[in-house]
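Here is the structure we will look at.
The chains referred to below are lettered A, B, ... by the order of the sequence lines, with proteins before strands, and numbering in each begins at 1.
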Amino acid sequence: RWEEERYPEGIKWKFLEHKGPVFAPPYEPLPENVKFYYDGKVMKLSTKAEEVATFFAKMLDHEYTTKEIFRKNFFKDWRKEMTSEEKSTITNLSKCDFTHMSQYFKAQSEARKQMSKEEKQKIKEENERLLKEYGYCVMDNHKERIANFKIEPPGLFRGRGNHPKMGMLKRRIMPEDIIINCSKDSKVPSPPPGHKWKEVRHDNKVTWLVSWTENIQSSIKYIMLNPSSRIKGEKDWQKYETARRLKKCVDKIRNQYREDWKSKEMKVRQRAVALYFIDKLALRAGNEKEEGETADTVGCCSLRVEHIKLHPELDGQEYVVEFDFLGKDSIRYYNKVPVEKRV
DNA sequence: GTTGACGCGCACAC
DNA sequence: GCGTCAAC
């Protein structure tokens, strides 16, 4: 049907109406009998400092709370949430004892498992109510399922692999952070009482309903539609169309890069070798990354000398390239590949 | 050079 | 959460 009623170039929809996001539940302070200890002594934390402390307490069993970078980043961000009094007392993370808090959360999760049928049913019904109210939108005469209408609660950033920002505080997203996208002729969702949206825009050249900027990488997060939606299905179909078009010209591309290996220009030869490896090994392209902002991972075009060994001969094979690098998600790629001499 | 808008897949809790 | 790619 997307072939029947296609939009002009770049237009994604004509009408869009939705109820906005569901925010993370507010922080509930710990019961008085759950204690935090500093340097062996009980210490009552302010609500803000306590909330961030609970994030750490919930992760206590994970290995990364022992990692230097994680602890350093966490402590720095935690201190920002403290009162000046707390700040002057709590100066060493190693003197902080979260074990009682941790035990409390374990007991809570046990209690949740032991909930009665009625209590579980109540939660289920509440979830269904939220889904019914916020889980759908109307896009061009169709009611569509939204993929992620709940905004993630605050917590500690982990990241994959050896991430320089692990342990940093992912702050709570507020209505004031939120950009609402909908059509001019739709009913604009209302922010929670006493709050305002950052912005309401009407951009039908994009598919998202809600966006905000996350504080770790300053990257934009979106609320978008479910794969069952027209907009996602159409895009998915186009992707396979691209693959089918590639099938028609892949032989030509392969011949071309083999020709380019012989070029006088080094740039052209390099590009041709990169393309060859992407083709042969299905490597990712490998964009440049900002050092210190992300884990040190690479793809084909960002490989460095230390990731490659060239063997004129190895295990009875000639011209072997040995790859050893951390790729996407810091997953190790290790491979020994015999190639043509010219490569 | 930077950033906005996506698609993908793993880990984890339920 | 992490990558790509095109638009800015």
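Checked against a 6.0 Å centroid threshold, the rings of A:F157 and A:H163 count as neighbours. A:F56 has its ring centre less than 6.0 Å from the ring centre of A:F74.
Taking atom CG on A:D61 and atom P on B:dA11, their separation rounds to 19 Å, with Å as the unit. Atom CZ of A:F105 is separated from atom P of B:dC14 by 13 Å (rounded to the nearest Å). Per the geometry, CH2 belonging to A:W212 stands 14 Å off P belonging to B:dC6, to the nearest Å. Atoms CG (A:D236) and C1' (B:dC6) sit 13 Å apart, rounded to a whole Å. In this structure, the CD atom of A:E234 is 12 Å from the P atom of B:dC6, given to the nearest Å. The distance from atom CD1 of A:I220 to atom C1' of B:dA5 is 8 Å, rounded to the nearest whole Å. Rounded to whole angstrom, the span from the CD atom of A:E288 across to the P atom of B:dT3 amounts to 15 Å. With rounding to whole Å, A:E293 atom CD is found 17 Å from B:dG1 atom P.
Annotation: of the two residues near DNA chain B, A:T213 and A:Y240, the 5′-most nearest-nucleotide partner is A:T213. Residues A:K239 and A:E290 each lie close to DNA chain B; by heavy-atom proximity, the contact nearer the 5' end of the strand is made by A:E290.
Relative orientation of the A:H100 and A:Y37 rings is tilted, given thresholds of 30° and 60° on the angle between their planes.
A:S211 has its side chain out of reach of A:N181: every pair of non-hydrogen atoms, C-beta onward, lies at least 4.5 Å apart. At a threshold of 4.5 Å between non-hydrogen side-chain atoms, the residues A:L310 and A:Y319 do not count as touching.
Side-chain atoms of A:K328 lie closest to B:dC8 of the nucleotides B:dC8, B:dC12, C:dT4. Distances were taken from every side-chain heavy atom of A:R112 (C-beta onward) to each of B:dC14, C:dG3, C:dG1; the shortest belongs to B:dC14. Checking C:dC5, C:dG3, B:dC6 against every side-chain atom of A:A285, the shortest atom distance belongs to C:dC5. For A:K235, the listed nucleotide lying nearest its side chain is B:dG7; candidates were C:dG1, B:dA5, B:dG7.
The residue A:S211 sits apart from the nucleic acid: no heavy atom pair falls under 4.0 Å. Base contact: A:N287 has a heavy atom under 4.0 Å from a base atom. Nucleic acid contact class of A:G286 (heavy atoms, under 4.0 Å, all strands): sugar-phosphate only. Residue contacts for A:K113: at a heavy-atom cut-off of 4.0 Å it reaches no nucleic acid atom on any strand shown. Within 4.0 Å (heavy atoms only), A:S219 reaches no atom of the nucleic acid at all.
Not one side-chain nitrogen or oxygen of A:S218 sits closer than 4.0 Å to the OP1 or OP2 atom of B:dT3.
Around the NZ atom of A:K289, the shell of radius 6.0 Å holds more than 12 heavy atoms that belong to other residues, nucleotides or ligands. Atom NZ of A:K35 has more than 12 neighbouring heavy atoms from other residues, nucleotides or ligands inside a 6.0 Å radius.
A:Y333 and A:V320 fall into different hydrophobic clusters, where Ile, Leu, Val, Met, Phe, Trp and Tyr side chains are chained together by heavy-atom contacts under 4.5 Å. In the hydrophobic clustering of ILVMFWY residues, with side-chain heavy atoms under 4.5 Å counting as a link, A:V34 and A:F55 come out together.
Put simply, the side chain of A:R172 never gets that close to the backbone of A:P154: no donor and acceptor are under 3.5 Å apart.
Less than 4.0 Å separates DNA chain B from no heavy atom of any residue of residues 114-139 of chain A. Scanning residues 154-172 of chain A for heavy-atom distances under 4.0 Å to DNA chain C yields A:F157, A:G159, A:R160, A:H163, A:K170.
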